[in-house]
Structures are given as C-alpha cells and as structure tokens.
Amino acid sequence: MSNERPLLLIISSPSGAGKTTLTARLLAEVKGLTFSISHTTRKPRANETNGKEYHFVSRDEFEQLIAADSFLEWAEVHGNLYGTSKAEIARRRGDRGIVFDIDHQGARQIKCAAPDAVAVFILPPSMAVLEQRLRGRASEDEQTVQRRFNAAKREIEHYGLFDYVLVNEELEDATRKLISIFLAEECRRSRVAALAEQFLAEGRKAPTTDSTHPESSTR
Ligand code: ADP
Ligand code: 5GP
C-alpha cells in the first residue's frame, strides 16, 4: 500500500547503546521501511560508505545547506554537525515508514514539525555495559570513547521527550520490541481513520446489503 504520509520513527540513544544495530535489524525485518540518510561533517569510519550511512560533507558545505534552508532539522553533536535534509524526506514520500537515527535535539525538532512522529529512546542495561560497548566497537580512539561516554549521561537526561524507552539488553528481545512498536504504531486509530472513513463514505453511497438488518431484506 503506497503511503502519502510515511510513519516517521525516530530512534535515539546515548552513543553505544545499540541504535545502529537495532535499526539495521528493524529495516531488515520490515519491508517498505527506509532509513533517512543524514548529512554530517564527521569523518567516515572504516566500514562506512558515502551515501549509505551518511552523506559526508565538509563544514563549509554543511553551512551552505543551512543557509539555503535545506534541513528539516540539524544539530551539533560531539563537535560535528549532523542534519536531515528536506530532500531526503521528499524522496521517501511513498514509503511505509522512515527511520531517523538522530539525537534528542533532532528528535525535538522533528516532533515539532510532525507531532505524530514516533520517538523511541534506547537505553543500555547499565552504564558499565555502555562503556564496554563503546570500547568494543573499536572504531574510535580512547579520547573519543571517553567523550561519548560522558555525553551519554547528558543524552539520557532527555529520555522524557520520547514516546517509548527500550532497554537493549538481549539483542533478539530488543529487536522484537522495536518491531512491535512500529507495527503497533501503524495500527494507531489516527493513522487508519482515513481508511475507515473511506469505507463509511462508500457505504453511504451504495445501499446496504446486510441481510441481518430488517430494512435491507428484499421482500
Ligand atoms: P549506537 O549506534 O547506539 O552508537 P551500536 O549499534 O554501534 O550503537 O552498538 C555499539 C556496540 O554494541 C556495537 O559493537 C554493537 O555490536 C554492540 N551491541 C549492540 N547491541 C547489543 C546487545 N544487545 N548486546 C551486545 N552487544 C550489542
Ligand atoms: P555517529 O557519529 O555515532 O554516527 O552519530 C553521533 C550522533 O549523531 C548520534 O546520536 C546520532 O543519532 C546523531 N545523528 C546522526 N544523524 C543525525 C541527524 O541528522 N540529526 C541529528 N540531530 N542527529 C544526528
């Protein structure tokens, strides 16, 4: 079913809690759900490709995009600029849903622009596990790990902005919960109301054929 208004699913967490891992699993399981590729001034990690995880741009390029009002939201995170371009959303218009891996500042801006966006916050089972996961990723130096770990505590202060809070302890279990959130949100009455109203309008045009209703019998 083509969708003029895809379900917007925001996923945030302190760095290292597992949102990239969980998002990849969600996208692999739910057909028609796509990932919003942000712009960033951060340097690509060894396993990242330009245009896949991010559009990697220089600070100058990013600032030009800000000046041209090209972003739906943008923010400075860990000393780099990150943003969701309006063009990225426009080209996903027919999709079932769009997943945003963004921080709390971006989540707030998207919730403001689209109040029916669904925001999920991922927590680690403990701060000690978070630190282990940050180190285990082995994609950053010690200074970066420390900076991100300290920033994690500040990120958690914003959990109250989110509709759901998911503890990522066991990966299978957390994946199932995230998929369940998306599927349940698809059934939210406000999202399906237009379809129900369409059926009602059709029913008003055509005579009812309900044989259990005395007035509809053809005597
Ligand atoms: P984030 O995107 O939130 O920064 P990642 O998805 O990169 O976090 O996860 C950080 C590290 O933790 C990665 O090495 C990932 O494989 C690992 N990880 C994620 N979820 C779990 C989990 N439930 N159990 C064990 N390790 C996990
Ligand atoms: P990373 O450098 O680990 O990929 O991401 C660092 C942080 O930036 C994460 O919290 C991630 O969610 C956030 N981020 C990524 N893209 C965007 C974006 O487009 N906008 C905002 N506001 N944050 C983003």
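For the single chain, residues carry numbers from 1 onward in sequence order. Start at 1 and go down the list; that is how both ligands and their atoms are numbered. Since the structure is predicted, the reported quantities are computational estimates derived from the model, not experimental observations.
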Looking only at distance, does [X] have an N or O less than 3.5 Å from an N or O of ligand 2?
| X | value |
| --- | --- |
| Ser38 | yes |
| Ser13 | no |
| His78 | no |
| Asp103 | yes |
| His39 | no |

Q) Between CG of Asn168 and CG of Leu178, what distance do you get to the nearest 0.5 Å? A)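 Reported to 0.5 Å precision, the distance equals 9.5 Å.
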Q: Work out whether the distance between some heavy atom of Arg148 and some atom of ligand 1 is less than 4.0 Å.
A: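 No, that is not the case, since the closest heavy atom of the residue is not under 4.0 Å from the ligand.
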Q. Hey, is Ala17 one of the residues with a heavy atom under 4.0 angstrom from ligand 1?
A.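 So Ala17 counts as touching ligand 1.
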Heteroatom proximity flag, [X] to ligand 1, N/O under 3.5 Å:
| X | value |
| --- | --- |
| Asn168 | yes |
| Gly136 | no |
| Thr21 | yes |

Q.
With a 6.0 Å cut-off (strictly less than), is the heavy-atom count around CZ of Arg188, excluding the residue itself, greater than 12?
A.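 It does not: Arg188 CZ has 12 such atoms or fewer within range.
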Q. Counting heavy atoms not belonging to Gln143, are there more than 12 under 6.0 Å from its CD?
A.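 No.
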Proximal atoms of ligand 2 relative to [X] (non-hydrogen, under 4.0 Å):
| X | value |
| --- | --- |
| Ala75 | 22 (N) |
| Gly106 | 22 (N) |
| Arg45 | 1 (P), 2 (O), 3 (O) |
| Thr84 | 19 (O) |
| Arg42 | 1 (P), 2 (O), 4 (O) |

Check ion pair [X]-[Y] (N to O, under 4.0 angstrom):
| X | Y | result |
| --- | --- | --- |
| Asp163 | Lys111 | yes |
| Lys205 | Glu202 | no |
| Asp116 | Arg5 | yes |
| Glu88 | Arg92 | yes |

Mark up the atoms of ligand 1 that fall under 4.0 Å of a heavy atom belonging to [X], in ascending order.
| X | answer |
| --- | --- |
| Ser13 | 3 (O) |
| Leu171 | 20 (N), 23 (N) |
| Ser15 | 4 (O) |
| Glu169 | 22 (C), 23 (N), 24 (N) |
| Gly18 | 1 (P), 3 (O), 5 (P), 6 (O), 8 (O), 9 (O), 19 (C) |

Q: Check step by step if side-chain hydrogen bond (donor to acceptor under 3.5 Å, both in side chains) holds for Asp101 and Thr23.
A: CA-CA 8 Å; Asp101 170 344; Thr23 300; 5.0 Å; no
**Q.** Nearest heavy-atom neighbours spanning Phe121 and Ser13
**A.**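 Looking at all heavy atoms of both residues, the shortest contact is CE1-CA, 3.9 Å.
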Q: Please report the shortest heavy-atom distance between Ile11 and Ile122, naming the atom on each side.
A: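 Looking at all heavy atoms of both residues, the closest pair is CG2-CG1, 3.8 Å.
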Q.
One pair to check against salt bridge (charged side-chain N to carboxylate O under 4.0 Å, His left out): Glu172 and Arg25. What are the steps and the verdict?
A. CA-CA 9 Å; Glu172 276 306 319; Arg25 288 173 145 243; 3.1 Å; yes
Nearest neighbour in protein (non-hydrogen) for [atom]:
| atom | value |
| --- | --- |
| atom 17 (C) of ligand 2 | Tyr82 CB, 3.4 Å |
| atom 12 (O) of ligand 2 | Asp101 OD1, 2.7 Å |
| atom 7 (C) of ligand 2 | Val77 CG1, 3.7 Å |
| atom 20 (N) of ligand 2 | Glu73 OE2, 2.8 Å |
| atom 4 (O) of ligand 2 | Tyr54 OH, 2.5 Å |

Q) At a non-hydrogen distance cut-off of under 4.0 Å, which region of Glu155 contacts ligand 2 (side chain, backbone, both, or neither)? A)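 Neither part.
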Q) Taking non-hydrogen atoms only, is Arg148 closer than 4.0 angstrom to ligand 2 via side chain, backbone, both or neither? A)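 Side chain only.
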Q. Can you tell which of Ile10, Ile102, Thr23 gets a heavy atom nearest to atom 18 (C) of ligand 2?
A.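 That would be Ile102.
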Q: Run the numbers on Val118 and Ile10 for side-chain contact (heavy atoms from CB on, under 4.5 Å), then give the verdict.
A: CA-CA 6 Å; Val118 179; Ile10 300 164; over 6 Å; no
Q: Would you please determine whether Gly83 falls within less than 4.0 Å of ligand 2 on a heavy-atom basis?
A: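 Checking ligand 2 against Gly83, which is what was asked, there is a heavy-atom contact under 4.0 Å.
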(Q) Would you say Glu142 and Gln146 are linked by a side-chain donor-acceptor pair, where the criterion is simply a distance under 3.5 Å? (A)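 Yes - a donor-acceptor pair under 3.5 Å links their side chains.
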Q | Common cluster, Val77/Phe35, ILVMFWY with side-chain heavy-atom separation under 4.5 Å | A |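 No; Phe35 is not reachable from Val77 via cluster members.
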